Engineer: 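If you scroll down you'll find the structure; I have some questions about it.
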Amino acid sequence: MKFYNLLGSDHIIGKIPANVFTDVKLKELLQRFFTEDQVKNIIEVLMQPLSRTGIIQRQELFLELENEDIVDFFAELKKALYGLQARFRVYSQQSNPLYKPINFVDLILEYIDFVDSICNSKFIRTTRASLLQDFINSFMEIQASITFSHLKSEASRIKHELREIKSVDLNIPTPTGSPRGVTIQQSISLSLADELTTIATNIGEADAIPRRFCSNKEFTNKFMLGLSQLYPDLFAELELFHNDYHAAFDLGIFNYINQISFYLDMKQLFTILRECNIPLTMPQIASDKIISINDARDISLLIKLESGKDIIPNDIEFNKHHGFHILAGANSGGKTVYLRVIAICQILFSGGSYIPAIKAEVYPFHNVFTHFPVDESRSDVGRLREEQNRATEILKEVSENSLVLLNETYSSTNEQLSLDLSYELLSKLCQIGAFGLYITHNHKLLEQGRQVTGKTGIGHLSVVVLDDAMSTRTYKIVQQNTHTQSYAWSVLDKYKLSRKHLIKRFPGVK
């Protein structure tokens, strides 16, 4: 049996390396709000970018999750799966050959209830999300199958026969003698295995027999052997049922725990971001290779901030004419923030998710690659060698459907060598047709980059200082194609030291 994949994983088109999530601090952000297991699961899903179809399907489901009834439905399914998983552990760990088939009946009955609960869901008639529709339909097909029908009827029949055992009269050695006429509990809340446990407990007294009496092998063997001798036909049916149907229970059903958890955890992340005053939008999927995002926020800043009110938004505009940008400027000018926001928006978009922005149209790139400076104390080789090795690895995997984000690559060497290596890397990436961003301190790369030719055109970005009432140093990244000194000019203009301001202040100066 192959269970339908609720993540739409048939539409995976690439892979994002794990280091990207660390470089752009997305992993660290998730760790602030989620457990390690949750973070691991979210990243494992987001590491696999989707095609246009896959993104649309996930977007539909995330939009449906704005309905709290569907959130509750998913939460109930997850809870039921955990219960089913616990029941399977009890079954799989049971070594008694007479008791194991009874545990299997309980497992199958719980599995049947799980399937029926999905098929009886009202959402098949109301949901617009194809993933949810197909998920429910896949279980309706299971429910309608001959195998499931036989499984259900046989399990129900055996359950009924087991419940017909009203009492047992055993003559076996026990810690407190040999009581007669021990009655099985008839409460519908008890499973069959629990009912047998009750008998065993009553025979041996509750304080003498553990809750899971199967751990007391000697007592269990005697008890189950005595019961099987009283009801030989029933135990023969139990063994036959187990032999015939044990392969019908597919462990693949437990994959839904992580799949459902991904949606619930991402829903929780959206709620957290909104509470932190971060706007969210569901991006349009671009047909051409562009990244067009209005007022994007770097949500990794929430690692230290309690609110997103002070996060400066940036516009992102990459297209076929300027698909690879060079960004130069002074430290603390928001360059790395700009790089992170591009990466995080692309990763979330590729996973079919909302992104932290006002409006967006994004192309579904197959890969995202990043390079950030490493601490030499944590590297087995020198920093320059590490930079060269990483660039080589990226070039081996990059394609025209890749987004490459480089932060101060080759900044560890002298200016001329850095310029030469950076120009060579840029040239190769643009010839391949990759999109991306290159952050550098070397302003000469802006001029030399104009000479790069290839499938991707070079664009220039600059850091400008925002004018605000408090005169605080806040920065924004803008397109810059006329000159390379916009950062310096913006500082002069902000503090009224530009030529036009000086002439106004000192009329006699020319």
Side-chain angles (χ1 to χ4, degrees), residues 2-21 24 26-27 30 38-66 70 74 127-135 137-138 255-267 269-270 280-293 296 299 316 318 341-357 360-370 397-405 433-436:
K2 182 180 180 181
F3 289 104
Y4 179 78
N5 190 293
L6 192 53
L7 294 173
S9 296
D10 290 342
H11 301 290
I12 293 171
I13 56 175
K15 187 171 184 180
I16 300 174
N19 74 283
V20 174
F21 294 84
V24 302
L26 184 53
K27 181 178 181 180
L30 294 173
Q38 288 175 305
V39 172
K40 179 182 178 183
N41 185 50
I42 292 171
I43 290 178
E44 284 180 352
V45 176
L46 293 179
M47 283 176 69
Q48 304 178 90
L50 299 175
S51 67
R52 177 186 308 275
T53 301
I55 291 172
I56 290 173
Q57 288 182 339
R58 286 230 195 118
Q59 286 181 340
E60 290 174 344
L61 190 43
F62 278 125
L63 289 170
E64 289 278 34
L65 284 169
E66 298 299 331
I70 292 184
F74 270 28
T127 183
R128 297 180 182 179
S130 59
L131 282 174
L132 184 53
Q133 286 179 335
D134 292 343
F135 169 74
N137 282 331
S138 69
N255 291 332
Y256 283 124
I257 293 176
N258 285 341
Q259 293 177 27
I260 292 172
S261 293
F262 170 74
Y263 288 109
L264 293 177
D265 292 341
M266 290 298 290
K267 167 66 175 176
L269 178 62
F270 303 151
L280 296 176
T281 187
M282 194 63 80
Q284 295 181 359
I285 304 172
S287 299
D288 297 324
K289 288 174 64 178
I290 64 169
I291 303 176
S292 179
I293 306 176
I299 56 175
I316 302 165
F318 288 17
V341 77
I342 295 171
I344 291 172
C345 285
Q346 185 68 42
I347 290 169
L348 294 177
F349 162 74
S350 297
S353 162
Y354 289 99
I355 69 170
E361 184 180 6
V362 185
Y363 180 78
F365 287 99
H366 297 188
N367 319 95
V368 178
F369 299 103
T370 57
E397 301 178 44
V398 76
S399 73
E400 63 181 357
N401 286 310
S402 298
L403 180 65
V404 183
L405 305 168
F435 268 41

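Keep in mind the model is a prediction, meaning the values are calculated, not measured.
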Engineer: Say you draw a straight line from CD1 of I42 to CZ of F262; how long is it, rounded to the nearest 0.5 Å?
Structural biologist: 7.5 Å
Engineer: Do the side chain of N41 and the main chain of N258 share a donor and acceptor less than 3.5 angstrom apart?
Structural biologist: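 Yes.
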Engineer: At their closest point, which heavy atom of I316 faces which heavy atom of A296, and how far apart are they?
Structural biologist: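 So the minimum-distance heavy-atom pair works out to CD1-CB, 4.1 Å.
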Engineer: Can you name the closest pair of heavy atoms from P49 and G14 and give their distance?
Structural biologist: CD-O, 3.3 Å
Engineer: Using the side chain to side chain contact (heavy atoms under 4.5 Å, CB included) rule, take V398 and N367 through it: C-alpha gap first, then chi angles, then the decisive distance, then the call.
Structural biologist: CA-CA 8 Å; V398 76; N367 319 95; over 6 Å; no
Engineer: Could you check whether F270 and F62 have their ring centres less than 6.0 Å apart?
Structural biologist: yes
Engineer: Distance only, no hydrogens: is a donor on one side chain within 3.5 Å (strictly under) of an acceptor on the other, for E60 and S130?
Structural biologist: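 Their side chains do contain a donor-acceptor pair, which is all the 3.5 Å distance test asks for.
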Engineer: I'd like to check T127 versus F135 (side-chain heavy atoms, cut-off strictly below 4.5 Å). Are they in contact?
Structural biologist: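 Contact flag for T127/F135 side chains = no.
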Engineer: Looking at residues at least two apart in the chain, or sitting in another chain, which of them share a salt bridge (Lys or Arg N to Asp or Glu O under 4.0 Å) with K267?
Structural biologist: E66, E68
Engineer: Find the distance between CD (Q48) and CD1 (I16) and round it off to the nearest 0.5 Å.
Structural biologist: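 One gets 9.5 Å once the value is rounded to the nearest 0.5 Å.
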Engineer: Under 30°, 30 to 60°, or over 60°: which ring-plane class applies to F435 and F365, parallel, tilted or perpendicular?
Structural biologist: tilted
Engineer: Is L63 close to M282 at the side-chain level, that is, under 4.5 Å between some pair of heavy atoms?
Structural biologist: yes
Engineer: Would you say the side-chain atoms of Q57 pair up with the backbone N or O of G8, donor to acceptor, closer than 3.5 Å?
Structural biologist: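 No; judged by distance alone, with no hydrogens or angles, the pair does not exist.
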Engineer: How about L30 and L269: do any of their side-chain heavy atoms sit closer than 4.5 Å?
Structural biologist: yes
Engineer: Tell me, do F21 and M47 make a side-chain contact under 4.5 Å, heavy atoms counted?
Structural biologist: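 Answer yes - side chains close enough.
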Engineer: Do the side chain of K289 and the main chain of G433 share a donor and acceptor less than 3.5 angstrom apart?
Structural biologist: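 A pair under 3.5 Å: yes.
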Engineer: Any side-chain heavy-atom pair from P364 and L50 closer than 4.5 angstrom?
Structural biologist: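 They are not in contact (no side-chain heavy atoms under 4.5 Å apart), so the answer is no.
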Engineer: When rounded to the nearest 0.5 angstrom, what distance separates CD1 in I12 from OG in S350?
Structural biologist: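 Going from CD1 on I12 over to OG on S350, the span is 12.0 Å.
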Engineer: Counting C-beta onward and ignoring hydrogens, is there a side-chain heavy-atom pair between L403 and I291 closer than 4.5 Å?
Structural biologist: yes
Engineer: If you round to the nearest 0.5 Å, how far is CG of N255 from CD1 of I260?
Structural biologist: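 Between I260 CD1 and N255 CG, I get 11.0 Å after rounding to 0.5 Å.
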Engineer: Just how far is it from atom CZ of F74 to atom OH of Y256, taken to the nearest 0.5 Å?
Structural biologist: 10.5 Å
Engineer: Between Q59 and P283 (side chain of the first, backbone of the second, donor and acceptor by atom type, cut-off under 3.5 Å), is there such a pair?
Structural biologist: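 The answer is yes, because a donor-acceptor pair under 3.5 Å joins these two groups.
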Engineer: Treating Q346 as the side-chain partner and Y363 as the backbone partner, does any N or O pair qualify as donor plus acceptor under 3.5 Å?
Structural biologist: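 Judged by distance alone, yes, a pair lies under 3.5 Å.
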Engineer: For the residue pair I285 and I56, establish whether any side-chain heavy-atom pair is separated by less than 4.5 Å.
Structural biologist: yes
Engineer: Would you name the heavy atoms of I355 and A360 that are closest together and state the gap between them?
Structural biologist: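 For I355 and A360, the tightest heavy-atom pair comes out as CD1-CB, 3.5 Å.
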Engineer: How close do Q38 and D265 get, heavy atom to heavy atom, and via which atoms?
Structural biologist: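 Smallest interatomic distance, heavy atoms only, reads NE2-OD1, 3.0 Å.
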Engineer: Has Y263 got a side-chain atom pairing as donor or acceptor with L65's backbone, closer than 3.5 angstrom?
Structural biologist: no
Engineer: Quick one: OG on S353 to CE on M266, what's the gap to the nearest 0.5 Å?
Structural biologist: 3.5 Å
Engineer: Within the 4.5 Å heavy-atom criterion, are V362 and I293 side-chain neighbours or not?
Structural biologist: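 Touching, per the 4.5 Å side-chain cut-off.
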